[in-house]
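To start, the structure itself, in structure tokens.
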Protein chains: 2
Amino acid sequence: MFRNIVAQPYFSVYLMKKKEVTIYDLAKELNYSPSTISRALNNHKSIGKKTIKKIQKTAEEFNYRPNALAASLRNNTSRSIGITIPKINHPFQASLITGIEKAARKAGYNVIITQSDDKYKNEVDNVKALYDARVGGLIVSLGIETRDTSHFDQYVKQNIPIVFVDRVPENFNSYRVIIDNHAAGYRATKHLIEQGCKRIAHFAGAQHVNVYNLRKKGYVDALRESGLQVDEELILDMKTLSFEEGKKATEMLLKLDNPPDGIFSANDTAAVSAILYAKGKGIKIPEELAVIGFNNDPISQIVEPTLSTVSHPAQKMGEISTKRILEHSTRKLDTAVSEITMLDTEIIIRDSSKRK
Amino acid sequence: MFRNIVAQPYFSVYLMKKKEVTIYDLAKELNYSPSTISRALNNHKSIGKKTIKKIQKTAEEFNYRPNALAASLRNNTSRSIGITIPKINHPFQASLITGIEKAARKAGYNVIITQSDDKYKNEVDNVKALYDARVGGLIVSLGIETRDTSHFDQYVKQNIPIVFVDRVPENFNSYRVIIDNHAAGYRATKHLIEQGCKRIAHFAGAQHVNVYNLRKKGYVDALRESGLQVDEELILDMKTLSFEEGKKATEMLLKLDNPPDGIFSANDTAAVSAILYAKGKGIKIPEELAVIGFNNDPISQIVEPTLSTVSHPAQKMGEISTKRILEHSTRKLDTAVSEITMLDTEIIIRDSSKRK
DNA sequence: ATAATAAACGCAATCGATTGTTAGCTCAAA
DNA sequence: TTTGAGCTAACAATCGATTGCGTTTATTAT
């Protein structure tokens with residue numbers, strides 16, 4: 001499988017652990033007490049201006065780097081944000097992390113990542129581990145198995161801010177950063193109707209997950225409002241909305257006596273799968289079957305015809321989540337709130353649904 | 001842009017910070033000294049078996065959770081691994097992180113992520129920040145601008161293991177986890193030759209980056225070995241191998257008096273772009289133009305015809321990188337090594353290059 | 001000039017776990 | 001009974017930054 005190439009050891013002179021410069025070193029050098037050094041480095045107001053300047057200059061010269069661990073231990077909180085999401089290597093979630101990381105780093109915070117793989121047990125373990133790491137805040141997108149949220153209670157007790165993003169729990173008092181899934185589902189469906197679709201199928205995700213539940217509701221409401229009948233036969237609940245599931249679902253739909261002329265899929269993967277399968281069966285897209293997905297994943301721009309979809313402002317959601325956490329510490333202790341930020345989505349119309 | 005909905009504050013009874021259980025609490029409870037508690041929890045051999053059992057049982061009952069910060073401060077190293085990569089939201093790198101995170105968590109390590117956005121300054125800042133966080137090891141994929149590697153020196157001085165993965169520096173004594181880019185480039189090119197291509201173009205990346213440099217060398221060697229002439233006109237150095245660059249390059253190639261009949265692209269993005277553009281110009285793929293990419297990104301399976309490519313074992317590379325770091329501490333101090341792990345790639349032949 | 005106030009800085013405890021050293025104890029061999 | 005090996009466990013220092021409280025010095029007011 002692979003080869004190992006081991007080079008010569010180099011000499012241990014390189015390995016002498018040099019001591020780091022501490023505030024004590026600076027204190028000795030400048031004949032101040034460590035407390036003064038500490039305060040000066042933090043621009044504390046009770047330290048003279050000249051003193052501050054002198055100390056900071058010397059710190060620079062000595063290449064002093066504060067030991068974050070020591071400060072965290074003393075303060076019982078660290079300048080780091082914990083993340084728990086289902087899967088890192090999914091475009092939406094990767095972008096979410098990107099947004100979180102950028103905003104956090106700008107504020108001098110580290111980001112500690114964990115992934116649950118959509119397993120409840122992993123999520124619980126990760127949430128605990130992040131708690132043990134004394135993160136200053138937690139950003140979570142729930143795993144698909146999660147129904148009970150008691151593993152987050154300890155954060156609330158310690159007043160550590162939690163931000164749920166995208167996949168959020170129903171009953172938990174905390175920050176939330178979400179999109180309007182109902183509106184998005186409604187508009188996506190409405191778009192298909194406007195293109196002339198009369199029988200629209202829906203690839204629905206696990207219904208106990210808020211995002212999928214709401215998208216489906218939006219779909220149903222759009223149909224009803226347009227006087228179209230809701231046919232349960234056309235609503236396919238899927239576990240993971242994977243490529244394979246999408247294919248099977250499409251296969252089934254096409255076999256119906258009265259097959260659909262449009263599909264609204266709750267994600268792009270299944271939508272792309274539908275397009276490829278239907279095309280293979282000689283169905284014309286979008287003329288005979290119009291398709292719209294959800295997420296605006298990269299594949300949506302590559303498939304032919306290009307896939308219409310709903311775009312999630314993933315990075316922005318990450319940035320806002322981070323902001324909530326950073327702001328939290330400035331709030332008064334007894335005004336913990338449950339603040340919901342709902343971001344707009346955008347329908348992106350491409351060739352897979354453009355009939356006119 | 002978005003709406004904020006602020007709910008009622010809830011009462012501060014929820015916000016009472018409860019003290020955490022420490023080894024001192026356990027010591028008081030069981031009438032042992034803190035040192036005994038500490039050793040017992042770590043299964044130290046100098047503590048009696050019954051004592052250990054009793055202490056661990058009580059710790060469990062009290063829901064004791066060790067304060068990792070305190071231990072890290074004392075030991076001057078934390079159970080966390082730092083990562084610095086160019087961009088989190090790129091399929092290959094996201095998978096790399098996935099692999100690292102899984103392996104790390106299994107060993108009880110946290111993963112702290114930073115991204116450089118391919119900016120040298122960011123990389124330097126991040127590497128420093130991770131050092132300040134006292135990470136127990138560092139995993140790096142170099143940014144495209146990086147030529148100087150002195151920002152890693154402090155790790156070496158403190159004997160903190162560094163693993164370079166994929167994009168590695170030329171002259172730096174450390175662990176490396178890479179693929180055989182030369183062989184991959186060679187085989188990809190060879191494959192096109194076997195399919196009957198006589199004039200093969202190459203989309204090359206920035207040449208000071210090892211991976212792109214080697215892929216190009218492999219391409220050149222394959223041509224030479226097959227008696228085909230290396231035409232500089234057909235080798236296009238690109239900065240980022242983006243979709244746009246791929247398009248422009250293809251446009252240029254097709255305008256040549258003697259256009260190529262094959263393209264080996266150093267990534268999938270540019271390859272897909274080439275396919276789409278060429279198809280738009282009425283060129284038949286693979287008959288008139290065979291294309292092979294690199295990375296096995298999701299889009300490679302969606303484009304039509306599906307893109308032949310070279311697959312990177314991304315997750316595995318992440319796992320191995322983590323393993324190197326975890327193993328490092330078990331090595332003797334004076335045998336620091338530069339160990340290179342070279343993983344095999346796999347050529348995945350799909351429709352974009354299959355002529356026979 | 002003296003009292004009063006403000007500004008600048010130091011002392012020492014604290015956060016929680018770890019560990020080298022020391023000391024008490026048991027039991028067996030001499 | 002004595003000596004010592006082998007366990008077992010405690011003491012106290014340590015990691016580095018922070019902070020309440022107290023002290024000294026400088027400044028202003030009277």
Side-chain angles (χ1 to χ4, degrees), chain A residues 17-56 58-59 62-80 108 131-136 158 329, chain B residues 17-56 58-59 62-80 108 131-136 158 329:
Chain A
K17 297 208 181 190
K18 213 182 50 186
K19 281 274 197 175
E20 295 291 315
V21 179
T22 71
I23 55 171
Y24 296 96
D25 300 324
L26 297 177
K28 209 170 287 172
E29 173 71 18
L30 293 169
N31 273 322
Y32 281 116
S33 80
S35 20
T36 300
I37 305 289
S38 171
R39 292 190 173 101
L41 293 172
N42 290 309
N43 290 309
H44 195 283
K45 59 181 183 295
S46 82
I47 304 295
K49 270 199 151 191
K50 298 154 284 142
T51 312
I52 288 186
K53 216 164 230 167
K54 185 165 54 167
I55 290 178
Q56 293 190 344
T58 309
F62 276 56
N63 197 26
Y64 164 78
R65 318 235 73 206
N67 186 324
L69 290 174
S72 297
L73 174 60
R74 172 64 217 241
N75 299 331
N76 197 34
T77 179
S78 71
R79 289 177 74 83
S80 57
Y131 181 83
D132 290 347
R134 265 59 175 182
V135 293
Q158 299 286 333
S329 60
Chain B
K17 296 208 185 192
K18 213 183 47 188
K19 279 273 194 176
E20 296 290 315
V21 178
T22 71
I23 54 170
Y24 296 95
D25 300 324
L26 297 178
K28 210 169 287 172
E29 173 71 18
L30 293 170
N31 273 322
Y32 282 117
S33 81
S35 24
T36 301
I37 305 289
S38 171
R39 290 192 172 99
L41 292 172
N42 290 310
N43 290 310
H44 196 283
K45 58 180 183 297
S46 82
I47 304 294
K49 272 197 154 191
K50 298 151 285 143
T51 312
I52 288 186
K53 217 165 231 168
K54 184 165 55 167
I55 290 178
Q56 292 189 346
T58 309
F62 275 59
N63 196 25
Y64 165 78
R65 320 234 72 205
N67 186 323
L69 291 174
S72 297
L73 174 60
R74 172 64 219 242
N75 299 331
N76 198 35
T77 178
S78 70
R79 289 176 75 82
S80 57
Y131 181 83
D132 290 346
R134 264 57 176 183
V135 293
Q158 299 288 331
S329 60

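Just so it is clear, the values below take in all heavy atoms, side chains as well, and ignore hydrogens, waters and symmetry mates. Letters A, B, ... are given to chains in the order of the sequence lines, protein chains preceding strands, and every chain is numbered from 1.
For B:F62, the side-chain contact (heavy atoms from CB on, under 4.5 Å) test picks out B:V21, B:L26, B:E29, B:T58, with sequence neighbours left out.
In this entry the distance linking CG of A:L73 with C1' of D:dG16 reads 9 Å, nearest Å. Protein atom NZ of A:K53 is 14 Å distant from nucleotide atom P of C:dA8, rounded to whole Å. Regarding A:K54, its NZ atom lies at a distance of 12 Å from the C1' atom of C:dA8, rounded to whole Å. For the pair B:K45 NZ and D:dC7 C1', the computed distance is 13 Å after rounding to whole Å. Atoms CG (B:N31) and P (D:dA10) sit 9 Å apart, rounded to a whole Å. Computed from coordinates, the A:I47 CD1 to D:dT24 C1' distance equals 14 Å when rounded to whole Å. What separates CD of A:E20 from P of D:dG16 is a distance of 8 Å, to the nearest Å. Atom C1' of nucleotide D:dA9 and atom NZ of B:K49 are separated by 18 Å, given to the nearest angstrom.
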Take nucleotides 17-27 of chain C nucleotide by nucleotide from the 5' end and write B, S or -, depending on whether a protein heavy atom sits under 4.0 Å from the base, only from the sugar-phosphate, or from neither.
BBBB-------
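Side-chain atoms of B:S38 never come within 3.5 Å of backbone atoms of B:P34 as a donor-acceptor pair (strictly under, hydrogens ignored). Looking only at distances, a side-chain donor or acceptor of A:R134 sits under 3.5 Å from a matching main-chain atom of A:D132.
Direction change of the helix axis from one end of the helix from C:dA1-D:dT30 to C:dA30-D:dT1 to the other is 50°, with five pairs defining each end axis (rounded to 10°).
Counting heavy atoms from C-beta on, the side chains of B:N43 and B:Q56 come closer than 4.5 Å. Between B:Y24 and B:I37, every side-chain heavy-atom pair lies at or beyond the 4.5 Å cut-off.
Shortest non-hydrogen contact noted between B:A133 and B:S78 is O-OG, 3.9 Å. The two residues A:I55 and A:A40 come nearest to each other via the heavy atoms CD1-CB, 3.5 Å.
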Please test A:T22 against A:N67 for side chain to side chain contact (heavy atoms under 4.5 Å, CB included), starting from the C-alpha separation and ending with a verdict.
CA-CA 8 Å; A:T22 71; A:N67 186 324; over 6 Å; no
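Phosphate contact (OP1/OP2 of D:dA9, side-chain N/O of B:T51, threshold under 4.0 Å): present.
Here the straight-line distance linking atom CZ of B:R39 with atom OH of B:Y32 works out to 14.0 Å at 0.5 Å rounding.
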